[in-house]
2 protein chains.
Amino acid sequence: MKENMNILIIDDEVQIRRLLEISLSAYEFNTFFAENGKQGLVAAATHHPDLILLDLGLPDMDGLELLVRLREWYTKPIIILSVRNSEEDIVNALDKGANDYLTKPFRSGELIARIRVAIRSGEERKDTPSLEFGDLSIDMINHVVRKSGDIVKLTSTEFSLLALLAKNSGRVLTHQFILKEVWGYGYLEQTQYLRVFIAQLRKKIEDNPANPVLLITESGIGYRFGN
Amino acid sequence: MKENMNILIIDDEVQIRRLLEISLSAYEFNTFFAENGKQGLVAAATHHPDLILLDLGLPDMDGLELLVRLREWYTKPIIILSVRNSEEDIVNALDKGANDYLTKPFRSGELIARIRVAIRSGEERKDTPSLEFGDLSIDMINHVVRKSGDIVKLTSTEFSLLALLAKNSGRVLTHQFILKEVWGYGYLEQTQYLRVFIAQLRKKIEDNPANPVLLITESGIGYRFGN
DNA sequence: GGGCGGATATAAAGATTTTGTAAAGAACCT
DNA sequence: AGGTTCTTTACAAAATCTTTATATCCGCCC
């Protein structure tokens, strides 16, 4: 498991939040909280937690609706905590994208174990040894990039950036996300780095750096690798 | 979901097996059975089921030990069914590689839902869910729009607008509502923006922009996507 | 049918924001 | 020290947003 997973807890009962904060932090999970649905959506979107614990009984909106809204973009585990224990409620929540469902009162040891299961199942279970895109090959293990067989000399930052984009080829990665992954949280505002390094990468791997086909700009959003 | 998943049920009680056979086959799961641990290991190794339902109380060996032995090579979901419901048993099983744990007696609808969750989580999530309308696909998560497979280059505002309309396909959205959602509250009167951007979108995604079939004008009210 | 008025469509010019590029300075290795 | 890599700066280039202008459509009244 990665160090320190961030868990968002969406629950209006202060006792539950207190309890979860204590029991989860004992297992080195970072916790943060939202007291209602609106806050929950915002918190999830801004912090991108590794897992969400969601109470179905929220003051401002139906928990199931919140689940659906979250699942429009949030792909990591969501575990439901609820007093409702009818079969209908449980089946509904699970079918709408919840990964697990515990009825309150729950046993905190069991919750922790189920959190571990959810995180485990969501983990990358693929170490891609190498990626190929036309005449470009990226060897993830040895950190070597070749263009039509010839080794392209990249600095380690350049490699991280290229590898990140290539691993997610076809999807748009936001500036923030790239900066976070490659440089770390302290660099979320250094979008100029990105421009400089993207330009350098283009010079090294694009046939025509002025007309990139691999490293595509999505203006106002971020970058995308390939199609 | 793929067609016909094969589920191995390891349980010594004949009534449970009967019950599971009936309820699972109603959902088009193929079932096959083992009455004890030894049979279970063999059946799993020979048939490579897509999922295993495992009772912890087996006549010939401890269910937990069987779980551990299975997990030495078996990577697909294992769901525990057991009368034991102490926290210790549950945590133990989950930590030893079980994906879920239901205590007997269980509700069969819930079991089915949890089976679906387990299968879903094990599936490749390479292809993210995307909205499809004829030859147009809108991938909300990856922020990519394709027309007959080719990526359509949209600005982020154009994408937000299209995504909003597509998410509500078939419904008429008022000018006000669209402006509020895409541009924010300060722009409720800029209906001209809408005209400009709708026209741009039509040029990009309609076969014949002058005769739109996707982005429909509802004169005096707003716009509607499709149907 | 013709004309009027409100609403919509489209192109294109201007303004603004975002991105690309080169290059100089700082920091970081051996 | 010498070379490499990272960081910063400055300016050019491109993309996007906003505004304006003009054309088109459509229902309605006479």
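Computed over heavy atoms, backbone and side chain alike; hydrogens, waters and symmetry mates excluded. Note on naming: letters A, B, ... go to the chains in the order of the sequence lines (proteins, then strands), and numbering restarts at 1 for each one.
One finds no side-chain N or O of A:His175 lying less than 4.0 angstrom from the OP1 or OP2 phosphate oxygen of C:dT18.
When rounded to the nearest whole Å, the span between CG of B:Leu215 and P of C:dT8 equals 15 Å. Nucleotide C:dT8 holds its C1' atom 14 Å from the CD1 atom of B:Ile216, rounded to whole Å. Rounding to whole angstrom units, CD of residue A:Gln190 and P of C:dT18 are separated by 16 Å. In this entry the distance linking NZ of A:Lys204 with P of C:dG20 reads 17 Å, nearest Å. A:Glu206 has its CD atom 10 Å from the P atom of C:dT21, to the nearest Å.
Side chain to side chain, A:Ser121 and A:Arg116 fail the donor-acceptor criterion of an N or O pair below 3.5 Å. Counting only N and O atoms by type, the side chains of A:Arg18 and A:Gln15 include no donor and acceptor under 3.5 Å apart. Looking only at atom types and distance, the side chain of A:Arg195 has no donor-acceptor partner in the side chain of A:Thr217 under 3.5 Å away. In this structure, a donor-acceptor pair under 3.5 Å is present between the side chains of B:Ser130 and B:Glu132. A donor and an acceptor atom, one from each side chain of B:Asn142 and B:Asp139, are located under 3.5 Å apart.
Judged by distance alone, the side chain of A:Tyr74 and the main-chain N or O of A:Leu67 form no donor-acceptor pair under 3.5 Å. Judged purely by atom type and a 3.5 angstrom limit, B:Arg202 uses its side chain to pair as donor or acceptor with the backbone of B:Leu215.
Between B:Glu87 and A:Arg107, no side-chain nitrogen of the basic residue sits less than 4.0 Å from a carboxylate oxygen of the acidic one, so the salt-bridge criterion is not met. By the 4.0 Å N-to-carboxylate-O rule, B:Asp50 lies close enough to B:Lys76 to be salt-bridged with it. A salt bridge links A:Arg84 with A:Asp62: the closest approach of a Lys/Arg side-chain nitrogen to an acidic carboxylate oxygen falls below 4.0 angstrom.
Rotation axes derived from the C1' atoms of the five outermost pairs at either end of the helix from C:dG1-D:dC30 to C:dT30-D:dA1 lie 30° apart, to the nearest 10°.
A:Glu21 pairs by the salt bridge (charged side-chain N to carboxylate O under 4.0 Å, His left out) definition with nothing, not counting sequence neighbours.
Counting non-hydrogen atoms of other residues, nucleotides and ligands closer than 6.0 Å to CZ of A:Arg69 gives a total of 12 or fewer.
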Check: residues 175-183 of chain A side-chain donor-acceptor pairs under 3.5 Å, at least two apart:
residue: A:His175; atom: ND1; partner: A:Ile221; partner atom: O; Å: 3.2

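Within residues 191-203 of chain A, the residues having any heavy atom under 4.0 Å from DNA chain D are, by residue number, A:Gln192, A:Tyr193, A:Val196, A:Phe197. For residues 151-159 of chain B, proximity to DNA chain D is found at B:Thr155, B:Thr157, defined as any non-hydrogen atom under 4.0 angstrom from a strand atom.
Think of the region where chain B sits on DNA chain D: with heavy atoms and a 4.0 Å cut, that region ends 5' and 3' at D:dT16 to D:dA21.
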